[in-house]
Structures are given as C-alpha cells and as structure tokens.
Amino acid sequence: MYNQEKIKPYNSEGEKGKQVEQMFDHIAPHYDTLNHHLSWNIDKGWRKKAIQQLSPFKPQKILDIATGTGDFAILAAKMLQPKQLIGVDISEGMMAIGHKKVSQQQLEHIISFQKEDCLNLSFEDNTFDAVTAAFGIRNFQNLDQGLKEMCRVLKKGGHLSIVELTEPVSFPMHQLFRIYSHTFLPLYGKMLSKDDSAYSYLTATIEAFPEGEEMMGIFKKAGFTKVSFKRLTFGICTMYFATK
C-alpha cells in the first residue's frame with residue numbers, strides 16, 4: 001500500500017473511494033474556479049503539454065480517467081480530434097458540470113461521460129488507442145489496480161498520458177510550496193468550497209504520492225513500457241508518458 005492510499009478526505013472509517021466520491025460531489029460547483037485560481041491558471045498549460053504528447057500518434061478512441069468536470073477531455077477533443085472520447089469518473093456531480101460544458105461547446109458528437117469505478121472498468125481489453133488522466137490517479141484507493149485497469153483497456157502499442165500534482169524537490173521551491181500548500185491553499189479552498197477537509201486532503205496526498213523514478217517503476221509493474229516523466233513548473237506538476 002502506498003502512503004497516499006491511507007489518506008482519506010473525512011475520517012479513517014469507511015472506504016476511501018466512497019469518501020472521495022462524496023468530497024468531489026460536494027465541491028463540484030466550485031472545483032473549476034478553485035483549480036484555476038490555486039494554480040494561477042498554470043494547470044491549463046500542463047493539460048495542453050500532456051495532450052501534445054499524444055499528437056504524433058493521432059489516437060481515434062480515447063479514455064479520460066477521473067475526468068471530473070471534463071476540462072482535459074474537452075481540450076483533448078479539440079487538439080487531437082478523435083472520433084470518440086469517453087470521460088469516466090466516480091463523481092456524478094463533477095460530470096454533470098462536464099456535460100454542460102461539452103454541450104455549450106457542441107462536442108457531444110465526440111465526448112460522452114459515464115460513471116465508472118476506475119479500479120474495475122467495464123470496458124473490454126484492448127479498447128482504446130490512448131488513456132489520459134489529469135490530477136486523478138492520486139485519489140485511487142489502490143494505485144496498482146487502477147493502473148493495471150488502464151493498461152488492460154489500452155490497445156497494444158497504445159499510449160498513456162498523465163499529469164499529476166507533485167511536491168517540488170529542489171530548494172527553494174520545495175520549502176515555498178510547503179508553506180503555500182499548508183497555509184493559503186487549504187484556507188482558500190475551505191472558504192470557497194465550504195468543505196473543511198477537501199483541500200487539506202489535497203495537500204496531504206500530494207506530499208504522500210510517489211513521483212519521478214519511483215512512479216516509473218510503478219507504471220512498469222502495471223504492464224507499461226517506455227515510461228518517461230518530465231517535471232513542470234519547478235516540479236509542482238509531473239507529466240508521465242508510457243506505452244503498452
């Protein structure tokens with residue numbers, strides 16, 4: 001068990017997956033505002049870089065894991081122009097907002113959403129040309145199982161592109177990020193979302209989540225090959241790319 005799997009949003013009792021679903025349903029109306037403000041809108045550039053990793057391969061059928069309110073899915077649909085993109089999540093509250101955004105941008109012919117347990121996906125083996133995830137795998141209650149499922153539904157030779165929040169490793173960004181993530185981030189998150197725990201949980205999971213070389217080994221254990229990573233914005237975010 002990895003350290004972030006032990007961290008739950010609300011209390012030590014009960015299943016982590018259920019608590020994560022409850023948390024995201026609760027903060028869904030404020031999620032986009034918080035996400036963009038807390039990262040000074042840099043998260044939009046991180047998503048773009050992750051999607052650009054897939055551009056040379058022109059994937060036609062894409063699965064977006066932990067799709068949330070659909071920002072990554074919408075950007076991928078515009079940049080890659082696949083025939084089909086399915087966004088999956090455990091939070092129906094988040095996807096309801098995604099539905100509205102997709103409809104407003106007239107992308108219903110490409111993007112659809114469905115509720116899925118990312119540790120036990122309903123799709124058949126070798127279904128997708130590409131699998132993506134932005135800031136979601138950190139919430140898995142079983143990281144190994146979630147990555148194995150992503151590998152299983154990916155076609156042989158298909159690609160995985162992920163961006164995840166991480167803790168900077170170098171001075172002085174490591175120290176500055178610690179101060180920011182333990183003071184302003186949870187306070188502002190609580191003020192806007194009215195959820196006492198959500199953004200303290202965010203900080204705790206970022207600090208506990210494996211990253212860099214360790215994460216590359218975890219991807220390989222799940223069945224991926226040719227794994228690489230790149231730290232973005234002084235290491236606040238890490239981008240991963242892997243092939244099945």
Side-chain angles (χ1 to χ4, degrees), residues 1-6 15-18 20-21 24 47 50-51 53-68 70-73 75-77 80 82-92 94-95 98 110-166 205 209-229 238-244:
M1 176 179 273
Y2 304 104
N3 287 334
Q4 89 286 345
E5 295 175 0
K6 304 170 189 174
E15 187 181 336
K16 176 173 179 171
K18 292 292 183 185
V20 169
E21 178 182 357
F24 279 115
R47 289 185 178 92
I51 293 165
Q53 294 187 118
L54 294 169
S55 292
F57 308 102
K58 297 180 172 56
Q60 293 302 297
K61 189 168 185 178
I62 302 172
L63 177 67
D64 187 36
I65 295 282
T67 193
D71 278 356
F72 204 35
L75 191 58
L80 301 174
K83 291 179 180 176
Q84 183 182 21
L85 194 156
I86 302 173
V88 300
D89 205 288
I90 57 172
S91 170
E92 293 188 273
M94 295 281 277
M95 288 189 291
I110 297 175
I111 301 172
S112 62
F113 295 98
Q114 60 191 69
K115 184 173 182 176
E116 289 275 343
D117 175 2
C118 293
L119 306 185
N120 186 25
L121 295 167
S122 66
F123 307 105
E124 294 184 3
D125 296 358
N126 309 304
T127 298
F128 298 94
D129 301 309
V131 176
T132 60
F135 320 120
I137 64 171
R138 198 182 64 259
N139 298 307
F140 287 174
Q141 68 179 29
N142 186 326
L143 179 61
D144 287 335
Q145 178 60 26
L147 293 177
K148 284 177 184 174
E149 278 293 277
M150 293 160 83
C151 188
R152 178 185 66 79
V153 301
L154 192 61
K155 292 178 182 176
K156 182 69 175 174
H159 299 91
L160 174 73
S161 184
I162 286 178
V163 280
E164 188 54 81
L165 294 171
T166 47
T205 53
F209 195 65
E211 57 182 84
E213 288 82 0
E214 183 183 0
M215 196 66 199
M216 287 175 66
I218 294 169
F219 282 121
K220 288 178 180 177
K221 185 169 67 169
F224 293 99
T225 61
K226 299 179 185 175
V227 183
S228 62
F229 75 95
T238 302
M239 182 168 67
Y240 298 95
F241 193 69
T243 305
K244 178 176 176 179

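Please read these numbers as outputs of a predicted model, since none were measured by experiment.
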Do you know which two heavy atoms are closest between Ala242 and Val227, and how far apart they sit?
CB-CG2, 3.9 Å
So how far is it from Leu160 CG to Lys226 NZ, rounded to the nearest 0.5 Å?
14.5 Å
Output the distance between atom NZ (Lys221) and atom CG (Asp144), rounded to the nearest 0.5 Å.
3.5 Å
On a heavy-atom basis, the closest approach of Thr205 and Gln4 is O-CB, 4.1 Å
Any luck finding a side-chain donor-acceptor pair between Gln53 and Ser161 under 3.5 Å?
yes
Work out which heavy atom in Met150 is nearest to a heavy atom in Ile162; give both atom names and the distance.
CE-CD1, 3.8 Å
Could you give the distance from CZ (Phe128) to CD (Gln84), rounded to the nearest 0.5 Å?
6.5 Å
Could you report the tightest heavy-atom contact between Ile90 and Glu116, atom names first, then the distance?
CG2-O, 3.2 Å
Could you pull out the closest heavy-atom pair between Glu211 and Tyr240, with the gap in Å?
CA-OH, 3.3 Å
Look up atom OG1 in Thr166 and atom CZ in Phe209, then write down how far apart they are to the nearest 0.5 Å.
9.5 Å
Side-chain contact, heavy-atom cut-off 4.5 Å: Phe140 with Gln145?
no
Any donor-acceptor N/O pair, Arg47 side chain to Val163 backbone, under 3.5 Å
no
What distance do Met239 atom CE and Phe229 atom CZ have between them, rounded to the nearest 0.5 Å?
11.0 Å
Less than 4.5 Å apart, side chain to side chain, heavy atoms only: is that true for Asp117 and Glu149?
no
Quick one: list whatever passes side chain to side chain donor-acceptor pair (under 3.5 Å) with Glu92, sequence neighbours left out.
none
May I ask you to test the Phe24-Asp89 pair for a side-chain heavy-atom distance under 4.5 Å?
no
Backbone of Gln141 reached by a side-chain donor or acceptor of Lys16 within 3.5 Å
no
Got a list of side-chain donor-acceptor pairs under 3.5 Å for residues 55-66, not counting sequence neighbours?
unit_1, atom_1, unit_2, atom_2, d
Gln60, NE2, Lys58, O, 3.2
Asp64, OD1, Thr132, OG1, 2.8
Asp64, OD2, Thr67, OG1, 2.8

Can you tell me how the ring of Phe241 sits relative to the ring of His159, calling it parallel under 30°, perpendicular over 60° and tilted otherwise?
parallel
If every non-hydrogen atom of Asp125 is compared with every non-hydrogen atom of Arg152, which pair is closest and at what distance?
OD1-NH1, 2.7 Å
Could you tell me whether Glu15 atom CD has more than 12 heavy atoms of other residues or ligands within 6.0 Å of it?
yes
Atom pair CG (Leu119) and CG (Leu143), whose distance is rounded to the nearest 0.5 Å:
9.5 Å
